[in-house]
Amino acid sequence: MAEMRKIEAIIRPMKFEEVKSALTDAGFVSMTVMEVRGRGQQKGLVQQWRGREYCVDLLPKTRIEVVVSERDVDKVVEVIQNTAATGSIGDGKIFVIPVERTIRIRTGEEDGEAI
Amino acid sequence: MAEMRKIEAIIRPMKFEEVKSALTDAGFVSMTVMEVRGRGQQKGLVQQWRGREYCVDLLPKTRIEVVVSERDVDKVVEVIQNTAATGSIGDGKIFVIPVERTIRIRTGEEDGEAI
Amino acid sequence: MAEMRKIEAIIRPMKFEEVKSALTDAGFVSMTVMEVRGRGQQKGLVQQWRGREYCVDLLPKTRIEVVVSERDVDKVVEVIQNTAATGSIGDGKIFVIPVERTIRIRTGEEDGEAI
Amino acid sequence: MEKNRIYLLTSILVMLALLSLTPPIAAQEESIESLTESVDGLGTALTFVWLLLCGGLVFLMHAGFSLVEAGFTRAKNTANILMKNLMTICLGVLIYWLVGWAIMYGENVGGIFGFSQFCLSGADNSTWNAWFFQMVFAATGATIVSGAMAERTNFKAYLVFTGLLVAIIYPVYGHWVWSGADFALLTGDGSWVVQICGASFHDFAGSGVVHSIGGYAALAGVIILGPRLGKFKNGKPQVIPGHNITFGFLGVLLLWLGWLGFNGGSTLDGSDAFMNLAVANTFLAAAAGAVAAMILTWMKTGKPDPSLTANGVLAGLVAITAPCGSVENWAAIVIGIIAGAIVYAGVMFNEAVLKVDDPVGAIAVHGYCGTWGLLAVGIFSVGMGNGILDGAVYAAGAPGLLYGGVNQFMVQVVGALAAIIWAFVAGLIVFKLIDIVIGLRVSEREELEGLDITEHGIRAYPEYITE
Amino acid sequence: MEKNRIYLLTSILVMLALLSLTPPIAAQEESIESLTESVDGLGTALTFVWLLLCGGLVFLMHAGFSLVEAGFTRAKNTANILMKNLMTICLGVLIYWLVGWAIMYGENVGGIFGFSQFCLSGADNSTWNAWFFQMVFAATGATIVSGAMAERTNFKAYLVFTGLLVAIIYPVYGHWVWSGADFALLTGDGSWVVQICGASFHDFAGSGVVHSIGGYAALAGVIILGPRLGKFKNGKPQVIPGHNITFGFLGVLLLWLGWLGFNGGSTLDGSDAFMNLAVANTFLAAAAGAVAAMILTWMKTGKPDPSLTANGVLAGLVAITAPCGSVENWAAIVIGIIAGAIVYAGVMFNEAVLKVDDPVGAIAVHGYCGTWGLLAVGIFSVGMGNGILDGAVYAAGAPGLLYGGVNQFMVQVVGALAAIIWAFVAGLIVFKLIDIVIGLRVSEREELEGLDITEHGIRAYPEYITE
Amino acid sequence: MEKNRIYLLTSILVMLALLSLTPPIAAQEESIESLTESVDGLGTALTFVWLLLCGGLVFLMHAGFSLVEAGFTRAKNTANILMKNLMTICLGVLIYWLVGWAIMYGENVGGIFGFSQFCLSGADNSTWNAWFFQMVFAATGATIVSGAMAERTNFKAYLVFTGLLVAIIYPVYGHWVWSGADFALLTGDGSWVVQICGASFHDFAGSGVVHSIGGYAALAGVIILGPRLGKFKNGKPQVIPGHNITFGFLGVLLLWLGWLGFNGGSTLDGSDAFMNLAVANTFLAAAAGAVAAMILTWMKTGKPDPSLTANGVLAGLVAITAPCGSVENWAAIVIGIIAGAIVYAGVMFNEAVLKVDDPVGAIAVHGYCGTWGLLAVGIFSVGMGNGILDGAVYAAGAPGLLYGGVNQFMVQVVGALAAIIWAFVAGLIVFKLIDIVIGLRVSEREELEGLDITEHGIRAYPEYITE
Ligand SMILES: Nc1ncnc2c1ncn2[C@@H]1O[C@H](COP(=O)(O)OP(=O)(O)O)[C@@H](O)[C@H]1O
Ligand SMILES: Nc1ncnc2c1ncn2[C@@H]1O[C@H](COP(=O)(O)OP(=O)(O)O)[C@@H](O)[C@H]1O
Ligand SMILES: Nc1ncnc2c1ncn2[C@@H]1O[C@H](COP(=O)(O)OP(=O)(O)O)[C@@H](O)[C@H]1O
């Protein structure tokens, strides 16, 4: 039984297509994606409304979840980090979280076979 | 102190109502739901725009999170798997993730009592 | 290497601004936020459509994720609990989940330095 | 001799003077004639301008219907609804040109339908003007059906039905009422119906011709089609909220504006002053319908319901469409209030008793309130020539029940029943045939997935995250 | 005898010839008379057509207001805003029929208000036409208020206010200005105001009657109501962005189009050629207002601001409403530019100095720019009969300051002040009373939750996931 | 003596009688004159009313364009598109007043352009009326360009281009076609083009003047601008779906309605009965274009494509704009069908062959179908005075190819080419200059981020969660 990990990466929306392609090329096709808003060290974005400026501190980010075997974690992290980084603040974070079990709903397969 | 687990199920949106009912019937009322997009072994959906076809590879999915005690995990997984499966590719996945602590915000109760 | 935890708090949308300010004041600026729908012990909301009433049982909630070192968990939980609680049903839950690794995409820094 | 000469001279002078008068008189004659022509021409021109612009407003109703139907249904079927509505007017234009006009306004055949002027053959500017105004009405009838059958109907099947409605179902009834033919079933002097009832059926702008026909054809459609998946659970009606109330309300306001053209233009004469009565009554009834529906929902659920209030506007408008040029202002308000109540009760009745599923309330609005409008003519009409209708040339001929007349009411009942029966039976037959040949309903999978993806391969709002 | 006979014969012939001339002359007389009648009738018919269609365009402004107000506020209050706007026009129709018209155009009582023709009693087609055009204006006044008080006002309280505005506040001032009564306070020949100022107040299409009244009543409303939760933090105005800019812009374009009817129709005569001047000036001022507002925001924040630019259009339109038939094109542009500046400054002033919260800028647009429009008449008016106004029959009587006149300016100041005071004081009283009896504002919890759920039990966009 | 006296008396009586006849005749003369004046006045008034209202409908097209362009592009650029469209009409109003009219309708200079009446100097109500109707057309030309260049153009650069288009590019070609000048290049009796071709170029409502000019200027623009990031991958066109199909469809319906004013009003005479032919043909062609485009996409991808079907409506409308007053109904349908095919092929051709990126299909719709419409005049025109055009005063003079004429076709080819060359070359030069001076395109970062944030600091839908 392979140990599984969930890799949660929070990236810039405009980098998403690139990251997706890179993951695909690296053989990691499966993923779940959601739109989130986030705040880190990045200063918010100054917007305006009716002539008045204000700062939106939660900026739109894209969150990618990829569940892989423990041994693939490094590869995935590397791929994401390489493609998502622009070098300026706001590039995002990757979190690796332990997954105890993985079940494929269609077949009931578990863990390694379920990915 | 009961061991807690978070069950994350990614299912077809059109199966959501059924899964929700089944979970309710099985006594698991609490849940958190979000709309995500996902890609697995399922081929994307061919759509068209202005006479040109293209493939949308991230399809809308519904992600259900249920936090339960360790001993209920199997039951929840089973209920979800039974109701969400259609047998065709794209049925989704269930991930079980360890939860260290659970706090009910209203009362501050922890863990077992907090569910 | 600091042990990391992800704190997932599901709160009332209308409490979000307050919780965000309190976290900021307590020094926890970084967070990721998403809109979810949830159901717990809270009875759903009676809505109506074309003269007919019905109950929407999944109510809009806001989900905050903050990843912090193990030692900060208590503080974050406390801050959230204090500000998000109204005392009536539907205040939400906080889940603490172990994080194995944390990577800052911009720099590749890991764990403690990555937050 | 002198005298004679003087006499002759004077006579000649007088004659000359007389002759000198004749040419100016003749010239005046001519200028008067040419003036009369100019004035007649101007009158015609004013009618042309008025009907083109009113027709434009009626055309705008297609935008209104599109928005109401899209707004009050789910986002996964929006593009499909928009396509259906757009195709309704497009097919409407073409088929009403090809066939519809000929059946409706062509040479009468046996009192039942017309049959000449296919493809508007021999048309001149008067014909084009009249065709244009009638065409936008014809297409409206079809659009009503699309709303009731939303979210589950096969696109191709709907197109075929629309074609048949505009080619046959609508113009046949229209011929009975508006053709002006001597033997036109419900209005011709020579028709046995008119002779028995002792009055001519009056449907000013189409509570019957347009709305009843659309509404009861829709009823036939939803019966054959069945309810949307999930609409009834163990026989109990469930709620399926629409995705965009703003679209719905904008649609209702555009429809209301369109009705200014619908009812105002239906005098068919730019110089008929009674267009003002028609418009005033139209607005009063619409407002009364909305207020009534709002108050009813407020009393029932404790909260004023937006989408039913919006339906209340339409209910008032549909109901006043027939009587707007024949009743007093207060009557328009009463008609509107009752229409508001009918739409509320009708929606509940359809769901709870008939167990049919009509996402936007089209059957209650156009069918039931259309019938109510036809009957209202027989109740509230002042009678042409009486009171406020002094000088009117296009209104219900005989007084209504309230003014002591019975004949008008009788013929209105007959005409209203004729619309129900014709539209419902023709609808049943056509829909059944279509169901057999093409298949009226999409598959369960397609319905769950949404018609936008399955019928058109697109999503209406691809960037928004939706539940 | 011969001669006599000849003479007699000739005389008789001449007489006969004369007589034979008389009938054609008499016949011509008749045809000329009937022609004159036809021509008069056509003139009236053209006015009817024109005012119905212009009224329709003004009605469209309700769609415009609905969209602007919905688009520039938050999604959780959208259904409520739409309901308020729909009910505004519905109640407007009914109450202006019931009472408003009587107070505005009824028999003058003491120079202050009218009092007859309740329920349009005794109306004929001319009355219905006039009522229709005036009614759409009346309802517009109320809609202005709904925008300023959006997102926190109790629905029932708003309905009551709307009723009172359309029944009393609007028509009383309207009576002073537009009733045509001899003693009408601001315009009647017999009024002391007119006699003292030496000129009659001119408010062509309602910078005062409609917009000032709406705008300053709104000011009274927001003062009593207080700002939305979160609008001010430690006294500093915060930003609460609107949820749908597309709706807002569509609304502005519909309003602009509506103004074609608003100003163009206000000659109240389909044959008054000066409708063209009015329309040309209207479009010039609107464009100038938008460009001015855009440039101002561009200079201030470095970026051209969409919602204030949209407000700039409306500012120009409101300001030109009074002077559009009395000034030259260049003046219209100047008036628009200044209006664009006023709306920008006004919005800032309201928030920063008055600390009132007006989500859509209604007070600055309708109140301040309305006042500006009234004053602009006194500054830029050419004077009826002079220059481009040669042949005009409905424009500011006396020349403005720029053309050497003072009287017109004086009376405009008086009329503008009268609008401010009347609307503001009447508004304060009515809102205060409503606050006491019904409660003007929803609870804090309801406001946070959003009025859609709490007042109507629905969500305007139930499928979209929103922040 | 007796007799003489009698004779005298009688004579005098006769004279008196004659005299007594003269005044009524003179009076009649006068009333006939004043009647004639009234009738003429009414005719003018009807034209004023008609053109103001048609102009209003054309103005509504700006709402239509705004919605189509916003709906068929991505949400991150919506506020920018709306601002561009709003500013197009605002600048259009001001600059067409300042310069455009003078260049288009001013005193002819060398057959090439006009040059007088800047700032409408010396205008009277006729001028304002004409200016208003022409102005809404002028602004339309500019709006076409904004659609093609959406999602990547610098806002300031676009404003400058719009100004130049309305000031120069549009009115110069307009002068050649519509100025009525004797030496107007394409239509003046004294022009060498007209003399060589033996017929005068006919562009009824502007397939050339408005649509070709806009379309080919847009082509020049997108060539200099380059495609949106991600539009082509390895030279292969990619799909970038629009964010809101409902807006797109509402926009198309508003445009269609606007075209009623566009084509109907272009007789420029409220009494010209051929407005009816024009409108009927307009609706037939629009419907045919939509049906054709739908069927084509259905055959190609297996599903009827909504956004191309919507484009099909516009294609039919653009194509029929020139010939609508000169061809039979069946020809209008054929023209529409071919336009529907052209728009489909044109969109594919632009992407696959020219590799240009035109998000909303403006070049195919307005450019290619505009050219098609101009040629269609030369093919299908009945010839003024023939058949249905008996009595017409404003239609293509000579018969088209199908009716045996060649000259009209020749001059249409020349006029169509002139539009292509003038708009494309002038567009290239102006855009190149703007690119050098201001920079035509936003930075890559700004484009990715979206123009709403970078150009205006706002998000159009701040509450919705979007992909
Ligand atoms: N501690 C954290 N917990 C949760 N989310 C975080 C945390 N730190 C960063 N994020 C997410 O990552 C995004 C980018 O982080 P930020 O710190 O601004 O970038 P950088 O790593 O370049 O400094 C944030 O918008 C937020 O969504
Ligand atoms: N390894 C994974 N990591 C994250 N999400 C996954 C993973 N595998 C599947 N998913 C999610 O599950 C959904 C369905 O998966 P898919 O593989 O298409 O179905 P099946 O299990 O039937 O083959 C995907 O759209 C995606 O959201
Ligand atoms: N066991 C659970 N698993 C996942 N989400 C939960 C669970 N319990 C509660 N939630 C989330 O917390 C929200 C509030 O919970 P609820 O039980 O209604 O509040 P309270 O704690 O006040 O009783 C729910 O809407 C749901 O989103």
Side-chain angles (χ1 to χ4, degrees), chain E residues 4 7 11 14-15 18 21 25 28-29 32 35-36 39 42-43 46 49-50 53 57 74-75 241 243-246 249-250 252-254 256-257 260 264 270-271 273-277 279-280 283-284 286-288 290-291 294 301 303-306 309-310 313 329-330 333 388 464-467, chain F residues 3 7 10 14 17-18 21 24-25 28 31-32 35 38-39 41-42 44-46 48-49 52-53 56 59-60 62-63 66-67 70 78-79 82-83 86-87 89-94 97 119-120 123-126 128-129 131-132 135 155 244 247 455-465:
Chain E
N4 272 2
Y7 160 77
S11 284
V14 168
M15 289 302 189
L18 280 174
L21 277 178
I25 290 177
Q28 286 188 3
E29 197 71 52
I32 287 176
L35 259 177
T36 311
V39 171
L42 268 178
L46 182 59
V49 162
W50 173 236
L53 290 169
L57 290 179
R74 285 165 296 178
H243 84 285
N244 194 317
I245 302 298
T246 313
F249 268 65
L250 176 58
V252 166
L253 288 170
L254 294 184
W256 189 341
L257 174 59
L260 169 56
S271 307
F274 283 89
M275 60 174 71
N276 296 301
L277 174 63
V279 169
F283 276 67
L284 288 168
V291 172
M294 181 184 77
T301 65
K303 290 182 174 165
D305 186 281
T309 303
V313 171
N329 291 165
W330 68 263
I333 294 174
I388 56 163
Y464 296 115
I465 311 288
T466 54
E467 295 184 10
Chain F
K3 273 169 204 169
Y7 160 76
T10 320
V14 169
L18 279 173
L21 276 178
I25 289 176
Q28 285 188 4
S31 19
I32 287 176
L35 258 177
S38 302
V39 171
L42 267 179
T44 308
L46 182 59
F48 285 164
V49 162
L52 287 184
L53 290 169
F59 175 77
L60 188 59
H62 288 276
S66 297
L67 289 171
T78 300
L82 296 167
M83 273 295 271
L86 185 67
M87 273 303 125
I89 174 71
C90 288
L91 291 179
V93 173
L94 295 172
W97 178 82
C119 302
L120 286 196
D124 60 6
N125 281 301
S126 285
W128 288 313
N129 187 267
W131 171 79
F132 176 69
M135 173 274 291
F155 184 62
N244 194 316
F247 284 149
E455 293 273 36
H456 308 287
I458 71 165
R459 287 168 61 213
Y461 313 105
E463 295 184 39
Y464 296 115
I465 311 287

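In the text below, chain A, chain B and the rest are named by the order of the sequence lines, each starting its count at 1. Side chains are part of it too, since the values below use all heavy atoms of this structure and drop only hydrogens, waters and symmetry mates.
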Below 4.5 Å from any heavy atom of chain E, which atoms of [X] appear? Answer side chain, backbone, both or neither.
{"X": "F:Met83", "result": "both"}
{"X": "F:Glu455", "result": "backbone"}
{"X": "F:Ile465", "result": "both"}
{"X": "F:Leu86", "result": "side chain"}
{"X": "F:Leu35", "result": "side chain"}
{"X": "F:Asn129", "result": "both"}
{"X": "F:Phe132", "result": "side chain"}
{"X": "F:Leu120", "result": "side chain"}

Do the side chains of [Y] and [X] get nearer than 4.5 Å, heavy atoms only?
{"X": "F:Phe247", "Y": "E:Leu250", "value": "no"}
{"X": "E:Pro304", "Y": "F:Phe155", "value": "yes"}
{"X": "E:Leu254", "Y": "F:Leu60", "value": "yes"}
{"X": "F:Tyr461", "Y": "E:Thr246", "value": "yes"}

query: What distance do E:Phe283 atom CZ and F:Trp131 atom CH2 have between them, rounded to the nearest 0.5 Å?
result: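 One gets 8.5 Å once the value is rounded to the nearest 0.5 Å.
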- request: To the nearest 0.5 Å, tell me how far E:Asn244 CG sits from F:Tyr464 OH.
  value: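 OH of F:Tyr464 is found 5.5 Å from CG of E:Asn244.
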- request: Begin with the C-alpha distance, continue with both residues' side-chain angles, and end with the deciding distance and a verdict on side chain to side chain contact (heavy atoms under 4.5 Å, CB included) for F:Met87 and E:Val291.
  value: CA-CA 8 Å; F:Met87 273 303 125; E:Val291 172; 4.1 Å; yes
For [X], is it the side chain, the backbone, both or neither that has a heavy atom under 4.5 Å from a heavy atom of chain F?
{"X": "E:Leu277", "result": "both"}
{"X": "E:Phe274", "result": "both"}
{"X": "E:Leu284", "result": "both"}
{"X": "E:Ile32", "result": "both"}
{"X": "E:Val49", "result": "neither"}

For chain E, which of [options] has the most heavy-atom pairs under 4.5 Å?
{"options": "F:Ser126, F:Gly56, F:Ser66", "result": "F:Gly56"}
{"options": "F:Leu91, F:Leu52, F:Thr78", "result": "F:Leu52"}
{"options": "F:Leu53, F:Thr44, F:Val39", "result": "F:Leu53"}

field: Option in E:Ala273, E:Gly270, E:Pro241, E:Ala280 with maximal non-hydrogen atom pairs under 4.5 Å from chain F
entry: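 Greatest number of close heavy-atom pairs with chain F: E:Ala273.
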message: Set out, in order, the CA-CA distance, both residues' side-chain angles and the distance that settles side chain to side chain contact (heavy atoms under 4.5 Å, CB included) for E:Lys303 and F:Ile458, then state yes or no.
response: CA-CA 10 Å; E:Lys303 290 182 174 165; F:Ile458 71 165; over 6 Å; no
[X] versus [Y], closest heavy-atom pair with distance:
{"X": "E:Ser271", "Y": "F:Ala45", "answer": "CA-CB, 3.7 Å"}
{"X": "E:Glu467", "Y": "F:Pro462", "answer": "OE2-O, 3.3 Å"}
{"X": "E:Leu253", "Y": "F:Ala63", "answer": "CD1-CA, 3.5 Å"}
{"X": "F:Ala123", "Y": "E:Ile388", "answer": "O-CG2, 4.4 Å"}

query: With under 30° as parallel and over 60° as perpendicular, where do the rings of F:Phe59 and E:Trp256 fit, or are they tilted in between?
result: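 Ring orientation, 0 to 90° scale: tilted.
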